[in-house]
> 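I have a structure I would like to understand better, so I am pasting it below and will then ask my questions one at a time.
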Amino acid sequence: MTQKKFAVIFGTRPEAIKLAPVIHELERQQQDVVKISTGQHQSMLSQALNYFEIAADHDLGTMREGQTLPELLSRITADSESVLRREKPDVVIVQGDTSTALGSGMAAYFSGLPVAHVEAGLRTYNNENPFPEEVNRSIIARLARWHFCPTDRARINLRQEGIDGPGVQVTGNTVVDALHWGRAKALGRFNGSLRKWLADTLNVPTTAIERFVLVTCHRRENFGQPLADICRAICELERRREDLRIIWPVHLNPNVRQEVERMVRCCGPRIYPVAPVDYETMLALLETCKFILTDSGGIQEEAAVFHKPVLIMRKATERPEIVESGGGMLVGTDPDTIVDAANRVLDDDGLYQKMSNAPNPFGDGHAAERIVGSLLQ
């Protein structure tokens, strides 16, 4: 087998999680892998890299406090181009829709290097939702040579945009590969009761994790009034449901943290805002929660793997497969709609079982093998 040199570029925790199986498979195939971190989300990124036993060869350290999106994108593009010029890889691999993926993809394109896009073809066709990720993905699609689609719908989206041919392949989503690997590692490390381990790790009462809803929220388009409405909904859900606890790992972004802090001052004692959790703890939360309220794209996929109902607090999702499969509901940010949907899931056993038993539309855990096999042809 001919050895090639691959540059794999990541900057956020989701990118690291979803590219870890690709890196492991490339290394298993004895390829030369250069791992480049832009440092877009440094602390949360480091947790994931450590968990997946990956060390970056280059850390660009592009994040600056208070910088704008254009400043971040320009820094990632310039710094990535500098490293790629020195390393001269045969292929540059990017994932998803972040500023890291777009900036490093543009750097590769400007340098004449072929780009492989993992998790290609997701679309809402609404440039404001998710913002700026919808536009980021669309631009990457114009410069990539390989498009590794997680689902048939993603491939159809690309075909409708005039992107087709042997470089477009349905592989499944590497998040499923990562979860299989990470779940096996986590379960091997949990001693005794998983719930007791969680309570000790999160520093919450054991009763907090006996019957709880997991909440995550960080989308840029939800900053401001939408996030305030989400907080109102969580507060109202806690007020109405004495049988329920709510655990919310609060994102570090001050736009999120400050709004949640205001909410907690007005709410009852059954809401537990906790610091951002590492990947292993998030796996344990997904394993043990009743259901999930989120605006995250990646957690929609993870919910499907864990067979947990997910209520999506966004106007649109680029992962409509979770809704079509029956495993998720798109509820927006209106407080009454969120609370009503949550109560339906809690009170209607038939609905809960239907959502829990929905098939996982995102793959079989062998996406990385297909991606690497294609790139080595």
Side-chain angles (χ1 to χ4, degrees), residues 1-11 14-36 38 76-77 80-81 83-84 87-98 100-123 133 135-178 301 318 362-377:
M1 180 184 296
T2 302
Q3 187 184 58
K4 294 182 179 180
K5 187 174 187 178
F6 294 87
V8 184
I9 307 182
F10 42 80
E15 286 172 300
I17 291 168
K18 292 180 177 182
L19 286 172
V22 178
I23 291 170
H24 288 166
E25 181 63 18
L26 284 168
E27 292 177 338
R28 191 183 73 82
Q29 297 276 4
Q30 299 182 324
Q31 298 300 304
D32 186 1
V33 185
V34 179
K35 299 172 284 289
I36 303 170
T38 67
I76 289 172
T77 305
S80 297
E81 191 273 337
V83 173
L84 292 174
E87 289 288 355
K88 297 181 175 61
D90 297 298
V91 180
V92 176
I93 302 176
V94 302
Q95 192 280 329
D97 54 18
T98 65
T100 287
L102 176 58
S104 58
M106 291 173 63
Y109 172 72
F110 294 151
S111 302
L113 300 172
V115 175
H117 187 201
V118 175
E119 198 183 74
L122 277 63
R123 298 288 187 273
E133 288 81 2
V135 168
N136 290 353
R137 281 188 189 273
S138 299
I139 296 173
I140 295 168
R142 296 309 184 272
L143 55 83
R145 179 180 299 182
W146 294 275
H147 310 259
F148 297 118
C149 303
T151 63
D152 286 324
R153 176 184 285 272
R155 178 173 59 183
I156 291 168
N157 289 341
L158 290 176
R159 185 180 298 154
Q160 290 174 341
E161 297 171 17
I163 300 170
D164 205 353
V168 182
Q169 299 179 36
V170 177
T171 60
N173 198 308
T174 56
V175 74
V176 182
D177 307 36
E301 298 159 346
E318 68 277 37
F362 298 116
D364 59 4
H366 297 282
E369 296 171 31
R370 298 186 184 101
I371 289 168
V372 172
S374 177
L375 292 174
L376 292 179
Q377 287 179 357

> Can you check side-chain contact (heavy atoms from CB on, under 4.5 Å) on Ser138 and Arg123, steps first, answer last?
CA-CA 8 Å; Ser138 299; Arg123 298 288 187 273; 3.6 Å; yes
> Closer than 3.5 angstrom, by distance alone: can the side chain of Asn157 be matched with the main-chain N or O of Leu122 as a donor-acceptor pair?
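No; judged by distance alone, with no hydrogens or angles, the pair does not exist.
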> So, applying side chain to side chain contact (heavy atoms under 4.5 Å, CB included) with Ile371, which one of Leu376, Thr174, Ile93, Leu19 is it?
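Option passing the side chain to side chain contact (heavy atoms under 4.5 Å, CB included) with Ile371: Thr174.
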> Can you sort out the partners of Thr38 under side-chain hydrogen bond (donor to acceptor under 3.5 Å, both in side chains), two or more places apart, ordered by chain and number?
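Testing Thr38 for side-chain hydrogen bond (donor to acceptor under 3.5 Å, both in side chains), a comparison that skips the adjacent residues, returns Thr100.
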> Provide the full list of side chain to side chain donor-acceptor pair (under 3.5 Å) pairs with a residue in residues 365-377, sequence neighbours left out, each pair given once.
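Only Gln169-Ser374, Asp364-Arg370, His366-Glu369 qualify under side chain to side chain donor-acceptor pair (under 3.5 Å).
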> Among all residues two or more places apart in sequence or in another chain, which pass the side-chain hydrogen bond (donor to acceptor under 3.5 Å, both in side chains) test with Glu301?
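Checked Glu301 against side-chain hydrogen bond (donor to acceptor under 3.5 Å, both in side chains); matches are Lys18, Asn173, Arg319.
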> Among residues at least two apart in sequence or on other chains, which ones pass salt bridge (charged side-chain N to carboxylate O under 4.0 Å, His left out) with Asp164?
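Asp164 satisfies salt bridge (charged side-chain N to carboxylate O under 4.0 Å, His left out) with Arg159 only.
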> Any non-hydrogen side-chain atom of Leu113 less than 4.5 Å from a side-chain atom of Pro89?
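Counting from C-beta outward, Leu113 and Pro89 do come under 4.5 Å.
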> In chain order, what residues pass the salt bridge (charged side-chain N to carboxylate O under 4.0 Å, His left out) check against Lys5, with sequence neighbours excluded?
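Scan of Lys5 (salt bridge (charged side-chain N to carboxylate O under 4.0 Å, His left out), adjacent residues dropped) gives Glu87.
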> Can you see which heavy atom on Thr77 is nearest to which on Met106, and at what distance?
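Distance-wise, the nearest heavy atoms are CG2-CB, 4.4 Å.
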> Are a donor atom and an acceptor atom from the side chains of Gln95 and Glu119 found within less than 3.5 Å of each other?
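Present: a donor and an acceptor within the cut-off.
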> State, with a plain yes or no, whether a side-chain heavy atom of Phe10 is found less than 4.5 Å away from one of Ile23.
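Answer yes - side chains close enough.
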> Test of understanding: with side-chain hydrogen bond (donor to acceptor under 3.5 Å, both in side chains), list the residues that count as partners of Asp177, not counting sequence neighbours.
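Per chain and number, Asp177 pairs via side-chain hydrogen bond (donor to acceptor under 3.5 Å, both in side chains) with no residue.
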> Do Val91 and Trp146 make a side-chain contact, defined as non-hydrogen atoms from C-beta onward lying under 4.5 Å apart?
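Side chain of Val91 against side chain of Trp146, heavy atoms only: contact under 4.5 Å found.
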> What are the two closest heavy atoms between Ser104 and Ile9, and how far apart are they?
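Minimum heavy-atom contact is CB-CD1, 3.5 Å.
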